[in-house]
Amino acid sequence: MKKIAILGITGSIGKSALEVIREHSRDFQIVLASAHHNLEKLQKIGEEFQIKKLVFTNEIKPKIKSKDLYFGEDELLKILATIDCDIVLNAISGSAGLQYSVGTLETGIDLALANKESLVMAGEIIMEKVKNSKNRLLPVDSEHSAISQALLGSAISEVEKIILTASGGPFRTLPLKDFEEITLANTLQHPTWKMGAKITVDSATMMNKALEVIEAHWLFGKSYDEIEAVIHPQSVVHSFLECVDGSILAQMSLPTMKIPILFALTYPKHIKSDIFKTKIWKLPALTFSKVEKARYPLFFFTREIACEKGILPTILNAANEAAVSLFLDKKISFLQISKLVQNAVERESNQQNPTLEDILETNQKIYAKTLRDYYKLI
Ligand code: NDP
Ligand code: MG
């Protein structure tokens, strides 16, 4: 029986993870779980799965007492440092997830990482920690899970290119002249995946794919020239590996996060599971096309910034997080997301080899500055 901690258990990845664990209750036991706003849901999950430690990380501390319930970010880090646990699934959204990824890796527990922002902000620091310990870093993002599955049979040196697939989001075919009219409701209608609000907006701008390029760079040690993206609206192929001999490996299923979550928990084995099956003869026709620059400017901008490394990816991620939160609050239009992010990044200068403290501080500073930019504008 593997002991698991799930951070961000009340979200979309958390929900898929719970479905996996419900189906495999003999293989996995949840020993720790966290949430940030949704205390009632956290407690309900805690009761169903008999979780001994529940942490509500929000500063606003409700007046509830229970022997299984703990409060605050520091408390979660403290528990992570001492808990008897085999693997932590970090399913927190956004930059808030970083400190727990680092905390997990410092304790000697394996990290199943959904929180791609951790690698975007601090890829170098995280990979150094993985290199110097027995911990394994196991990707949960479906594209990176696909690559890790395809890599079971080949060494990374045999790979010429990693090709990440992208659905293209809800505006893949919308005429560019109609982008002014895009609403929040349209943006949250993802054609193939049901996910949390932030990543759904990032999928529409293709920022999500750009963050995944950075994630792939750190996870698999390939240069940015060796990582590409292709539009694949059916979301059946979860990524490709192009080998040096011209052979192309792919991993497929109908879109679901249950398979990559289960695989991260059982890596490097595929275990018997009826959790999700794909009937090949029912698949739609699969199509692939290039990413258009005019439609997805943030994708190309982020790739350029990523190549510069240092603190710039943190600046970009923080600006994007602030811009997406303004969009989710209906304060800015869809097109303004990209403008706000580019402005925020272009006026900052880079710093190479930032420490974790530099990264956390810059993240907060740029988030606040981007919000201030907006309020100055109105
Ligand atoms: P959701 O918004 O659905 O869930 C986020 C979770 O994080 C919730 O449990 C939430 O708690 C918690 N949380 C929110 N803010 C904080 C904070 N400041 N501190 C601590 N916990 C917090 O997100 P998703 O599940 O969609 O995504 C989670 C991560 O996984 C993201 O990094 C995303 O990019 C990545 N990912 C998601 C995929 C998906 O299919 N959803 C696919 C691939 C990657 P509460 O509910 O209490 O607010
Ligand atoms: Mg993904």
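In listed order, ligands and their atoms are each counted from 1.
- Heavy atoms of N38 found under 4.0 angstrom from ligand 1 belong to the backbone as well as the side chain.
- A salt bridge links K198 to D202: at least one charged side-chain nitrogen sits closer than 4.0 Å to a carboxylate oxygen.
- Closest to the Mg ion (ligand 2) among the N, O or S atoms of E212 is OE2.
- For S34, no nitrogen or oxygen atom sits less than 3.5 Å from a nitrogen or oxygen atom of ligand 1, counting backbone and side chain alike.
- A centroid separation of less than 6.0 Å is found between the aromatic rings of Y267 and F263.
- Between F71 and F56, the ring planes are perpendicular. Angles over 60° get that label, and only those under 30° would be called parallel.
- Salt bridge absent: E124 and K309 never bring a charged side-chain N and a carboxylate O closer than 4.0 Å.
- If you number the atoms of ligand 1 from 1 as listed, the ones under 4.0 Å from a heavy atom of H37 come out as 45 (P), 47 (O), 48 (O).
- Shown in contact with I13 at under 4.0 Å from a heavy atom are these atoms of ligand 1, numbered in order with element: 25 (O), 30 (O), 37 (C), 38 (C), 39 (C), 40 (O), 41 (N), 42 (C).
- Taking the side chain as every heavy atom from C-beta outward, M257 and W193 approach each other to under 4.5 Å.
- Within ligand 1, the atoms closer than 4.0 Å to a non-hydrogen atom of I9 are 9 (O), numbered from 1 in the order shown.
- If you look at F240 and F288, their ring centroids are closer than 6.0 Å.
- Atom 23 (O) of ligand 1 has as its closest protein heavy atom S93 CB, 3.8 Å.
- Geometrically, ligand 1 and S142 share no nitrogen or oxygen pair separated by less than 3.5 Å.
- The distance from ligand 1 to the heavy atoms of A96 drops below 4.0 Å at these ligand atoms: 17 (C), 18 (N), 19 (N).
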>> Applying side-chain hydrogen bond (donor to acceptor under 3.5 Å, both in side chains) to Q342 and S338, what does each step give before you reach the verdict?
In response: CA-CA 6 Å; Q342 296 193 33; S338 151; 3.3 Å; yes
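- Using a 4.0 Å cut-off between charged side-chain N and carboxylate O, R136 and D110 make a salt bridge.
- Within the listing of ligand 1, atoms 32 (O) sit less than 4.0 angstrom from a heavy atom of N115.
- Among protein heavy atoms, atom 34 (O) of ligand 1 sits closest to K116 CE, 3.2 Å.
- Close approach of ligand 1 to T10 is summarised as follows: ligand atoms under 4.0 Å from at least one heavy atom of the residue are 8 (C), 9 (O), 10 (C), 11 (O), 45 (P), 46 (O), 47 (O).
- No heavy atom of G14 sits closer than 4.0 Å to any atom of ligand 1.
- Listed by atom number, the atoms of ligand 1 under 4.0 Å from A91 heavy atoms are 5 (C), 6 (C), 7 (O), 28 (C).
- Ion pair R22/E19 not flagged as a salt bridge, since none of the NZ, NE, NH1 or NH2 atoms sits closer than 4.0 Å to an Asp/Glu carboxylate oxygen.
- In this structure, E117 is part of the shell of residues with a heavy atom less than 4.0 angstrom from ligand 1.
- Contacts with ligand 1 closer than 4.0 Å are made by heavy atoms of both the backbone and the side chain of M195.
- By heavy-atom distance, the residue among I92, I6, I45 lying nearest atom 31 (C) of ligand 1 is I92.
- The one candidate from I6, L7, I9, L54 that meets the side-chain contact (heavy atoms from CB on, under 4.5 Å) condition with S34 is L7.
- Rounding to the nearest 0.5 Å gives a distance of 12.0 Å between OG1 of T314 and CD1 of I305.
- Look at E23 and K258 and you find no salt bridge, because none of the NZ, NE, NH1 or NH2 atoms lies under 4.0 Å from a carboxylate O.
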> Which is it for S273 and H24 under the side-chain hydrogen bond (donor to acceptor under 3.5 Å, both in side chains) test, yes or no, and what are the steps along the way?
Replying inline: CA-CA 8 Å; S273 181; H24 289 272; 2.8 Å; yes
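- Its N, O or S atom nearest to the Mg ion (ligand 2) is what matters here, and for E143 that atom is OE1.
- A salt bridge does not link E47 to K44: none of the charged side-chain nitrogens sits closer than 4.0 Å to a carboxylate oxygen.
- The protein heavy-atom contact nearest to atom 12 (C) of ligand 1 is G8 CA, 4.1 Å.
- At a 4.0 Å heavy-atom cut-off, ligand 1 touches I199 through the side chain alone.
- You'll find the side chain of L98 stays beyond 4.5 Å of the side chain of I92, heavy atoms only.
- The atom of D141 that is an N, O or S and sits closest to the Mg ion (ligand 2) is OD1.
- Of the heavy atoms in D202, none comes closer than 4.0 Å to ligand 1.
- Where the criterion is an N or O separation shorter than 3.5 Å, residue side chain and backbone included, Y100 fails it with respect to ligand 1.
- The nearest heavy-atom contact from the protein to atom 4 (O) of ligand 1 is G11 CA, 3.2 Å.
- Below 3.5 Å of separation, one finds an N or O of G196 facing an N or O of ligand 1.
- By the criterion of a heavy-atom distance under 4.0 Å, both the backbone and the side chain of A114 are placed next to ligand 1.
- Remark: T256 OG1 to F276 CZ distance equals 4.5 Å, nearest 0.5 Å.
- Residue D141 approaches ligand 1 through these ligand atoms, each under 4.0 Å from one of its heavy atoms: 43 (C), 44 (C).
- If you check which protein heavy atom lies closest to atom 41 (N) of ligand 1, you get S12 OG, 3.0 Å.
- Among all non-hydrogen protein atoms, the one lying nearest atom 22 (C) of ligand 1 is H36 CB, 3.3 Å.
- Taking the six-membered ring for Trp and thresholds of 30 and 60 degrees, H217 and Y224 have nearly parallel ring planes, at less than 30 degrees apart.
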